[in-house]
Amino acid sequence: DNEEFGGFGILKVFRLLRLMRLVRTLRFRIFQELKLMIQGVMSGLRTLLWAIILLLLTVWVLGMGVRTLVGDYEPEFNSVPSAMFTFFRCFTDGCDAYDGTPLVERLRQDYRDYEA
């Protein structure tokens, strides 16, 4: 069995050597800006992750609330995942109902009497 897979071990060593040669190439002065860009992207990933978590938490809370209030009457909010998806679409400038009408206007007309 070892004789059959022995060639694959050598291929892994060659790949590792190629990777080391690529990393060594980044030490040249001409690649300094590229190295700084890669470091900037890697350090920004943590902030991006927290921004995504905050967006998901906000969409989840709004989805739960609207599902509880109008979920039985509006098809866009009949379950928590569909309510979350509708809010995500509204945040990203696609706030239309399933029939293509503007969702905000339809909700305003349907629930105008419930204003405080």
Side-chain angles (χ1 to χ4, degrees):
D1 249 354
N2 274 345
E3 292 176 11
E4 292 177 17
F5 296 109
F8 290 116
I10 293 173
L11 286 176
K12 286 182 183 181
V13 170
F14 283 134
R15 279 187 181 169
L16 188 60
L17 288 174
R18 263 183 35 198
L19 182 65
M20 293 300 293
R21 192 171 57 189
L22 179 68
V23 170
R24 195 172 44 198
T25 309
L26 291 177
R27 290 185 185 172
F28 291 135
R29 205 166 188 183
I30 195 169
F31 293 112
Q32 187 64 29
E33 290 89 7
L34 177 63
K35 186 176 166 184
L36 287 173
M37 285 174 51
I38 291 172
Q39 286 175 347
V41 167
M42 295 305 278
S43 65
L45 286 178
R46 182 175 173 196
T47 305
L48 180 64
L49 175 71
W50 282 112
I52 290 171
I53 289 172
L54 182 63
L55 175 67
L56 287 175
L57 183 67
T58 304
V59 168
W60 179 73
V61 167
L62 289 172
M64 291 286 286
V66 173
R67 164 62 186 107
T68 303
L69 293 174
V70 296
D72 295 332
Y73 310 109
E74 300 295 332
E76 291 83 11
F77 302 107
N78 63 359
S79 68
V80 175
S82 66
M84 288 175 63
F85 181 65
T86 301
F87 270 109
F88 179 75
R89 283 189 5 229
C90 287
F91 286 158
T92 57
D93 200 26
C95 201
D96 294 331
Y98 289 151
D99 60 359
T101 60
L103 184 62
V104 176
E105 283 300 316
R106 195 179 83 203
L107 291 175
R108 187 176 307 150
Q109 288 174 0
D110 291 348
Y111 299 102
R112 136 180 36 186
D113 296 334
Y114 297 107
E115 293 180 7

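- Using a 4.0 Å cut-off between charged side-chain N and carboxylate O, Glu76 and Arg89 make no salt bridge.
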Evaluation steps, side chain to side chain contact (heavy atoms under 4.5 Å, CB included), between Glu74 and Val66 = CA-CA 10 Å; Glu74 300 295 332; Val66 173; over 6 Å; no
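- Looking at Leu55 and Phe91, their side chains come closer than 4.5 Å, going by heavy atoms from C-beta outward.
- Within the structure, the disulfide (SG to SG under 2.5 Å) test picks out no pair touching residues 42-74 (sequence neighbours left out).
- To the nearest 0.5 Å, the span separating CE on Met64 from CZ on Phe77 amounts to 14.5 Å.
- Val59 and Ile53 fall into different hydrophobic clusters, where Ile, Leu, Val, Met, Phe, Trp and Tyr are joined by side-chain heavy atoms under 4.5 Å apart, directly or via other members.
- Hydrophobic clustering, with ILVMFWY side chains joined whenever heavy atoms are under 4.5 angstrom apart, groups Leu56 together with Leu48.
- The heavy-atom pair separating Pro75 from Ser82 by the smallest distance is O-OG, 4.4 Å.
- Judged as a disulfide (SG to SG under 2.5 Å), the pairs with a partner in residues 47-93 (not counting sequence neighbours) are, in order, Cys90-Cys95.
- For the side chain to side chain donor-acceptor pair (under 3.5 Å) test, residues two or more places apart in sequence or in another chain that qualify with Asp72 are Arg67.
- Both Leu107 and Tyr73 are members of a single hydrophobic cluster when ILVMFWY side chains are connected at heavy-atom separations under 4.5 Å.
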Could you pull out every donor-acceptor pair under 3.5 Å between side chains of residues 96-103 and any protein atom, sequence neighbours left out?
from: Asp99; atom 1: OD1; to: Thr101; atom 2: N; distance (Å): 3.2
from: Asp99; atom 1: OD1; to: Thr101; atom 2: OG1; distance (Å): 2.8

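- Residues Lys35 and Ile38 are not in side-chain contact: their nearest non-hydrogen atoms beyond the backbone lie 4.5 Å or more apart.
- Linking ILVMFWY residues whenever their side-chain heavy atoms come closer than 4.5 Å, directly or via other members, places Leu34 and Leu45 in the same cluster.
- Within the structure, the side chain to side chain donor-acceptor pair (under 3.5 Å) test picks out no pair touching residues 44-64 (sequence neighbours left out).
- Nearest heavy-atom pair, Ala83 versus Gly63, reported as atom, atom and distance to 0.1 Å: CB-O, 3.7 Å.
- The heavy-atom pair separating Phe87 from Leu62 by the smallest distance is CE1-O, 3.5 Å.
- Annotation: the span from Ile52 atom CD1 to Leu57 atom CG amounts to 13.5 Å, rounded to 0.5 Å.
- Checked against side-chain contact (heavy atoms from CB on, under 4.5 Å), Leu17 has the following partners two or more places apart in sequence or in another chain: Val13, Phe14.
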